[in-house]
K.L.:
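Here you go, one structure.
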Amino acid sequence: MKQIFVDIDKCTGCLTCTLACAAEHSSSKDIVGAMLEKVQPRISVEAVNGKAVPLMCRHCEEPTCVDACMTGAMQKDKETGIVSNENNDQSCIGCWMCIMACPYGAIQPNEEEGIAIKCDKCNGREVPACVESCHTGALLYVDGKTFTQEKLTKTAKALTEAS
Amino acid sequence: MSDCKTCPSVDNCYSAHETVNQMQERLDDMGVDTVFTRYEKQQPQCGFGMQGVCCQLCSHGPCRITPKASKGICGASADTIVARNLVRLTTHGVAAYSHHLEELAKTIKATANGKTPYKIQDEGKLREIAKVAGLDLNKTANELAEQLADVILSDLRKDSGEPLAMLELFAPETRKKVWRELGVIPGGVHSEIRDALTKTMSNINTDPIDLLLTSLRLSIATGYTGLVATVTLQDILLGTPEVTESEADLGIIDPDTVNIVAHGHVPLVATAVLGAIESDEMIKYAKEAGANGIKVYGSMCTGQELMQRKGTTASNYSGQLGNWLSQEHHIATGAIDLVMMDMNCSIPGMKSVADKFHTKLVSVDRILRMEGVKDNVDYDPEKVEEQAKELVKMAVDTYKKRDKGKVQIPGHKSAAVAGFSVESILGALGGSLDPLLDEIKKGNIKGIAAVVGCTNNRNGHDDKGLTIMKEFIKNDVLVIAAGCMSSGAEIEGLMLPSAADQAGDGLKAVCNALGVPPVLNFGSCVDIGRIGAAVTAIAGALGVDPSQLPVVASAPEYLEQKAIADGIFAVSFGLLTHLGPVPPVTGSPLVTKVLTEDIEGLTGGKVLVEEDPVKAVEKMLAHIEKKRQGLGI
C-alpha cells in the first residue's frame, strides 16, 4: 500500500504542497479559489532549526485517533487503509479527542466548522495533490518497501564511496 | 541571538540592544506584532524565492527552476531568471536614490532664488565643486548653486548614450578605464532606469552576462549620482559635517517634552522642523499644552544626517533612537507624539503600534503613503517653512492626547561622536591625509573596513554587524560606518574614543593619539558616497587604483534594493564586498560564480558570502593582507 513519504533534505519550504492540498479540498479545485474559500491545508510544513519539515497523517496500522474517537466518525478503511473522519456512518462532533491522541500532531481543528480535519490521501486520487505538486521530490508516494529499499541502496552506495 | 549562549533571556531575545528587547517584551504583552514576530510567522520561507529562481513576470508564470523543470515556460534558464531579477532589484535602488537627489536639486534651485528657509551653508565646497565642473566662479554663490543643481538634474535626465558628468568629474581615471573597457559607463540615470526596465520585461534581454553588466551600469550610476552627488549637494545646502558629539538609544527620550521623530532618509523637512521648534510661537504653543519644550529625535538615516550636522544646521537635534528594525519599538515607549516619514523604510507595522498609543504618523514626501495614515504634508521647498510649523502644531496637539500612565522609557543611552567626512578628517589631521597613510604604511592601522548598510532580522538585530566591527578593530582595522550600521554602533558605544580599548594595540595607539573612536561615524546610507570619496582621496594620495588598497566593504545585514545597488557599486569600484544575508542569486551557478569569483579579474572587486561574522572578518583580513603585500607595505 502506498504511503506519503518525506525526504526532508529535499524540502525547500516553498509551501506549494500546502497550496495544492487546500486546492484539492476546495470546491473550486484551484489555489486562488481555495484561498477565497479559506480552505485549511491538511499538510503542515514546520520550520525547525532552519529546516522545513513537511508533516501529515501517517495513516497508522493501529490508529490511536480511531481508538479515541467517541462517535465512531474516525475510521480506518480496510481496503484503502485511509484513516478519515469524513464520509463515514457517524459524524465528527469536534471533541478533539483524536487531536489529543495523535502522537504526530497530524490532525487539526477546523474551529469554524467544529470538526477535526486531516489528510485523507485525497480520497482515491491516484497521486495525492501534495506529492504531485512537490517540485523538489521531497514528498514521495510509494509503498514502504520501495522507500526503504531506496534508503538501503543509498546507504550502501555511501559506504562503498567512503571505503 | 545566534551568538548568545549564556544569557537567561536567550529564548526571547531578538536584538543586540537591551532597550529594543525591553520594548519587544512590552509589545508581546500587549499582543502587538512586530517585525520580529511577523518574521517568525513567515517561516518557512520559499526556497525558490530565496535562490532567486522564481520568475513572476508573465502570466504563464510564476515559474520556478526545480529539479524537474530546468527552464521556465519561455525557456529562460536559472541564470537568466536570477540575473534579470537582480537587475530589477538594482533598478529599484537607483530609482529611489534619484528621487532623493531630485528633491534636493529642486530645493537648491528654490533656495538660490530665495524661496526657501534654507541658505547655502558651505560656499567653499560649492565653489570647489563648481570649479571642477567648469562653472564661472565670478558668479554669486546662489547663481553657482543653481547652475550646479542644473548640471546634476541634467545628469538625471539626459540620454543613456551621454556619459554622466559627475562620473567624469569625480571617478578615478583608473576606474574610468576599467568601466570603459567593460562598456558600463552609464548615461542619464532616468534613461538607464528606462533601459533596464525595458530590458527586463519578458523576453527582451535574456542574456545573463549582459544583464549582469546592466546591474553594474546601474550601480555605477547610483555611485556618482545617488551617492556622491547627493552627499555633495546636501553638504552645500545643509553644511559639511564637522566632528561633534551626540547621543543614541531610547534612553534619550524626554518624557516631559513634545517628541517628534524624523524617520527616513531625506533630511530636508526635518531640518526645517528643527528651525520651527526654536520659534517663540511654537515654544509658547507647546508650553500652553503643558509640555516643557519640543524635541526632534532621529530614526534611521534622516537621524544620521541630522547627527552628522549637529555641528552645523542641526545643533538642536536631540539624538538617534535607532535603526530600521527598531522603528516600531521607538513608538512602544508611549512617549513619541509625531513621526515624520520621508521617502523609504517606513514599515506598515509602525501604524499597528502607533494605533495602540496616541502617536501620529505623517508622510512628508509625496511618494510615501501608508495604509491607515491620513495626514500627508508633502514636502514643497517653497512652502516648507509653513509646513514645518504645521507639523510641530500637529505634534503638540497629539501630545495633549498622550497617556502619561502608558509612558515607559528604557534607561540606556550612549554618547556618540559623529560628523566624520573627508573634510573633517583632513581638518583633524592638519590638512593632509599623510598622517593616516603613514599609520597604514607602518601597520598600526592594517586597513580600512566600511561596515555599512541596513539591519536585518535574518541575522539577529545588529548582532552580526556589531560582531564584525568589533572583530575588525581588534585586528587593527579602522572601521568607517554608515547607514543603519552607524546607529547600532552608536548605541553599543563603539563610536566613542574610549572604545579604542577594544581595539588592537596599533589602532588603539592611533585612536588615543588623535582622540577619535575606532569606528568612525560617516552618517547615513547615502553617506556611503562619502566613504567612496574618502577611498578615492586615499587612492589619489598614494597614486594607485582603489582596488589596490587594503580596504574592504561589508554590508552584513543588507535589507533592501538601495543596498543592492550600493553593494554592486562597491564591487564595481574594486572592493571586496561582504554581503549578508546571502543575496538571492544562489540558484544560478553562473551569476554566483561571476559575482564571487570571475568579476575580480574585471573590476578588482568581488562579493564575499560568509554568514559567520568571525570567519567573514578572517577572510577580509586575508584580503587586506594581500593588498598590503601588493603595495609592498
Side-chain angles (χ1 to χ4, degrees), chain A residues 4-23 30-35 38 40-56 104-106 108 111 126-142 147 150-151 154, chain B residues 1-5 10-11 14 36-56 59-73 76-78 81-82 85 456-460 463-464 580-582 584-588 592 609-612:
Chain A
I4 301 170
F5 284 95
V6 181
D7 185 346
I8 289 174
D9 289 341
K10 286 186 180 163
C11 181
T12 61
C14 72
L15 304 179
T16 303
C17 55
T18 64
L19 298 175
C21 176
D30 67 49
I31 288 173
V32 177
M35 301 279 274
K38 296 187 178 155
Q40 236 173 297
R42 296 161 184 230
I43 178 170
S44 302
V45 182
E46 296 303 309
V48 187
N49 297 331
K51 268 299 297 173
V53 183
L55 290 169
M56 75 298 292
Y104 306 110
Q108 294 173 39
E111 307 273 11
E126 198 181 344
V127 179
C130 56
V131 177
E132 192 178 85
S133 76
C134 182
H135 279 268
T136 62
L139 297 180
L140 305 153
Y141 194 55
V142 290
F147 187 74
E150 270 177 22
K151 272 202 142 176
K154 214 168 140 187
Chain B
M1 311 289 286
S2 57
D3 298 325
C4 304
K5 302 279 185 273
V10 68
D11 291 333
Y14 294 99
F36 300 134
T37 55
R38 288 188 299 268
Y39 177 85
E40 286 170 352
K41 288 178 185 173
Q42 280 292 335
Q43 304 308 310
Q45 287 170 290
C46 174
F48 300 106
M50 276 189 192
Q51 296 180 75
V53 290
C54 176
C55 178
Q56 303 186 24
S59 69
H60 266 149
C63 288
R64 296 176 299 181
I65 303 305
T66 70
K68 78 176 186 193
S70 63
K71 297 278 172 73
I73 292 167
S77 65
I81 292 173
V82 166
N85 286 342
N456 190 314
N457 190 45
R458 207 174 280 287
N459 291 326
D463 183 40
K464 291 275 191 295
V582 180
V585 300
T586 52
S588 160
T592 305
V609 176
E610 174 55 68
E611 291 280 56
D612 182 309

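Note on naming: letters A, B, ... go to the chains in the order of the sequence lines (proteins, then strands), and numbering restarts at 1 for each one.
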K.L.:
Which value, rounded to the nearest 0.5 Å, describes the distance between C14(A) atom SG and R64(B) atom CZ?
P.N.:
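Going from the SG atom of C14(A) to the CZ atom of R64(B) covers 4.5 Å.
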
K.L.:
Calculate, to the nearest 0.5 Å, the distance between atoms NZ and OG1 belonging to K10(A) and T66(B) respectively.
P.N.:
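That separation rounds to 12.0 Å.
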
K.L.:
Taking atom NZ as the centre, does K151(A) end up with more than 12 heavy-atom neighbours from other residues, nucleotides or ligands that are less than 6.0 angstrom away?
P.N.:
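Counting other residues, nucleotides and ligands, NZ of K151(A) stays at 12 neighbours or fewer.
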
K.L.:
Give me the atom names and distance for the closest heavy-atom approach of P44(B) to A47(A).
P.N.:
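Shortest heavy-atom contact: N-CB, 3.9 Å.
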
K.L.:
What parts of residues 46-53 of chain B touch chain A if we use heavy atoms and a cut-off under 4.5 Å?
P.N.:
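The residues closer than 4.5 Å to chain A, in numerical order, are C46(B), G47(B), F48(B).
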
K.L.:
Which residues pass the ring pair (Phe, Tyr, Trp, His ring centres under 6.0 Å) test with Y141(A), not counting sequence neighbours?
P.N.:
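Expected list: none.
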
